[in-house]
Asks: 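The structure that follows is given in the form of structure tokens.
Quick note: numbers below take in every heavy atom, side chains included, and nothing from hydrogens, waters or symmetry partners. Numbers restart at 1 for each chain; the letters A, B, ... are given by sequence-line order, proteins then strands.
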Amino acid sequence: MALTAVARHPNIYLTSSSFYTFGTPVTPSSTIKTRFPPSPTGTLHVGGARTALFSWLVARRAGGHFILRIEDTDQARNVPGGAEAIIRDLKWLGLDWDEGPYLQSQRLDIYAKHIQKLLDAGHAYYAFETAEELDVLRKQAQEAKQAFRYPRPDPLPTAADADRARSAGKPVVVRLKCPSQAVTVEDEVFGEVQVAADQMDDFVICKANGYPTYHLANVVDDALMGINFILRGQEFLGQTWRHIVLRQALGYPQPRYAHLPLILDMQGKKLSKRDADVDVHSFRRAGFLPEALVNFIVLLGWSPGDNREKFSLAQLREVFDVADIGKSNARFDLEKLRAFNTDACADAAPDRLLTAFKDYLSLNDTPIPADDDNLLAQVLEVCKGFRTFADIPAKVGVLFQADADFEYDTKAVKKVLRKNDAAGFAVLAQLREVLSKCDWQHEILEACINDYCRTKELSMGQVAQPIRVAVTGRTVSPQIIDTLMILGHDKTLARIDRCLDLPR
RNA sequence: GGCCCCGUCGUCUAGGUAGGUCCAGGACACAGGGUUUUCAACCCUGCAACACGGGUUCAAAUCCCGUCGGGGUCACCA
């Protein structure tokens, strides 16, 4: 398995035999240990990113450990490169981990042992129904307006029965015997949640192909890796009883749980993993700063309890508290994120901004040359006030195109140059002469143009706009002197000449 | 549909554990104005919420009950 990004982490190849032994949790329970266990079936979206962030924060705040584990037990749904992409995005956000990434696909022997142990202890049993047969039963339950519960056979099938079923070509799965008493989930966000006995049924822990289900693998790994504080989305709250019951059957201690309110889209629906708009990586490509995304995301479901809302990762490590997590779902408001990004860009140190901008350019096709740091710094400077990096090529990209390549916007030409008996063209023609004699330095250019304004009794607006349209084809660009400085003497004059040739 | 969770401005939220200091505060958005050489940024002002109905209490956004609304979950997916 080619995991280039993963391979930099020394623990990646840790498997059962090299580190963990069967049934022995490794970490002293006094240390807080959290984890983020994505499945590589899609990309990292803001919901997953927030879960990772909160888990990381809890561990870091407590001086504990944070683990990354890839849950790739669904052969059919694994996406090639999925794990690498998630790792890339987590790193971009500024998160790191003390162990892992572990790969569940490399730990199958561990799960098999646990399943066998459960079977031997009488906590689990074999079942042979096909998907179709189960569907029929579910439909019946639905029509009877009841929760579906797998009908536990009596007597339970034996290992011999399983062998017979297998040779008869039937699917053989293993189910856990659920308890007959209610289970209480002690959640640190939602409080105590009771699950009645008749709401639980004997769920599958081992698939017909021999792979463990999510519930089994997740619980076993959390226990063996010493995870004692689990943070995850609220969609898991109603299923947590399975994990509690599994741990009881296995004889493992219960961890602390904190379920997080969901992040919904602006329509009020749960964010979909297939919704590319909320991918962490698409925000990166779209020109957002990770610190802005982190700051925005942490406020979805968490608040410090006062009016503060600007936080760096380092500050969050100091103030984040599970007790301040709210219960109600939040909607993802892109406009607020954009506002946060605007502020983050304005506040970023110049070299940090330059690095991020170059990252943006490397991910996008723009006319801006990415190899000249001084030029890039200059561009960043004259575009101050931008909301995302994407605003920059939109604003100055035309300055880096060939002089004959850009179009003149008809409306701009009409409004700025042609109107009032081509007054703008007249100004432009005179300006051409002025500028041709100018030394191309900021102060000198400024003095030249100011001079011209004074002599002709024109406002800066009446002068700057014709130049702007002439050299960019549009009415929008950085301040006119800055625009000309980036363009340079020759290109400025060439473009003015081209403009002067336009039909009046 | 069964079960579970949630319900303060359009959005994110403070306040609710210890009811009065909240005719509800902040931020984003929006509207108007200002600055300006265009755009963006920036500055000022404004608009705007305790879902509804019953209780408890001298007093409820804060406590209780009901209704309604929203979301989640019911897989050999995670």
Asks: Suppose you measure atom C1' in B/rA51 against the same atom in B/rC44; what distance do you get, rounded to whole Å?
Replies: 34 Å
Asks: Using atom C1' in both nucleotides, what's the gap between B/rG1 and B/rC22 to the nearest angstrom?
Replies: 42 Å
Asks: P atom, B/rC39 versus B/rU45: distance in rounded Å?
Replies: 23 Å
Asks: Take A/F320 and A/F54 through the ring-ring contact (aromatic ring centres under 6.0 Å, His included) test and state the conclusion after the steps.
Replies: CA-CA 8 Å; A/F320 187 85; A/F54 280 24; 4.9 Å; yes
Asks: Examine the side chains of A/Y125 and A/D202 and answer whether a donor and an acceptor come within less than 3.5 Å of each other.
Replies: yes
Asks: Of all the heavy-atom pairs spanning A/L300 and A/R331, show the shortest one and how long it is.
Replies: CD1-O, 4.2 Å
Asks: In whole angstrom, what separates A/D343's CG from B/rA29's C1'?
Replies: 14 Å
Asks: Look at the side chain of A/A330 and decide which nucleotide, out of B/rU13, B/rG2, B/rA40, has an atom nearest to it.
Replies: B/rU13
Asks: I want to confirm an ordering. Mapping A/L299 and A/A339 to their closest nucleotides on RNA chain B, which one lands closer to the 5' end?
Replies: A/L299
Asks: Has A/K269 got a side-chain N or O lying under 4.0 Å from the OP1 or OP2 atom of B/rG71?
Replies: yes
Asks: Using Watson-Crick or G-U wobble geometry with both distances below 3.5 Å, tell me the partner of B/rG1, or none.
Replies: B/rC74
Asks: Say you pick atom C1' in B/rA49 and the same atom in B/rA61; how far apart are they, in whole Å?
Replies: 10 Å
Asks: Rounded to whole Å, how long is the line connecting atom CZ of A/R331 with atom P of B/rG72?
Replies: 11 Å
Asks: With a 4.5 Å limit on heavy-atom distance, are the side chains of A/L231 and A/H259 in contact?
Replies: no
Asks: Would you mind telling me which residue lines up with the more 5' stretch of RNA chain B, A/L337 or A/S39, judged by nearest nucleotide?
Replies: A/L337
Asks: Look at A/R468 and B/rU37 and indicate whether a side-chain polar atom (N or O) is within less than 4.0 Å of OP1 or OP2.
Replies: no
Asks: Looking at A/Q239 and B/rA78, is any side-chain donor or acceptor paired with a base atom of the opposite kind under 3.5 Å?
Replies: yes
Asks: So, A/Y257 versus A/E186: side-chain donor-acceptor pair below 3.5 Å or not?
Replies: no
Asks: If you check every side-chain atom of A/M266, which of B/rC77, B/rU11, B/rC39 has the closest atom?
Replies: B/rU11
Asks: With rounding to the closest Å, how many angstrom separate the P atoms on B/rA18 and B/rC64?
Replies: 11 Å
Asks: Would you tell me whether A/Q465 and A/R468 have side-chain atoms, one donor and one acceptor, within less than 3.5 Å of each other?
Replies: yes
Asks: Between atom OH in A/Y214 and atom P in B/rC76, what is the gap in whole Å?
Replies: 15 Å
Asks: Whole angstroms only, please: what is the NZ-P distance between A/K207 and B/rC76?
Replies: 10 Å
Asks: Scan every strand shown for a Watson-Crick or G-U wobble partner of B/rA41, both distances under 3.5 Å, and answer none if you come up empty.
Replies: none
Asks: Between B/rC5 atom P and A/K270 atom NZ, what is the distance in whole Å?
Replies: 18 Å
Asks: Which nucleotide, if any, forms a Watson-Crick or G-U wobble pair with B/rC23, using both distances under 3.5 Å?
Replies: none
Asks: Provide the distance between the two C1' atoms, one in B/rU13 and one in B/rA24, to the nearest whole Å.
Replies: 13 Å
Asks: Whom does B/rA59 pair with, Watson-Crick or G-U wobble, provided both distances fall under 3.5 Å?
Replies: none
Asks: Within less than 4.0 Å of OP1 or OP2 of B/rA78, is there a side-chain N or O belonging to A/T73?
Replies: yes
Asks: Using purine N1 to pyrimidine N3 plus N6-O4 or O6-N4 for Watson-Crick, or N1-O2 and O6-N3 for G-U wobble, both under 3.5 Å, which nucleotide pairs with B/rU17?
Replies: none
Asks: Of all the choices, B/rU11, B/rG7, B/rA75, which nucleotide is nearest to the side chain of A/F148 once you look at every atom?
Replies: B/rA75
Asks: Searching all strands shown, indicate the nucleotide that pairs with B/rG66 (Watson-Crick or G-U wobble; both distances under 3.5 Å).
Replies: B/rC52
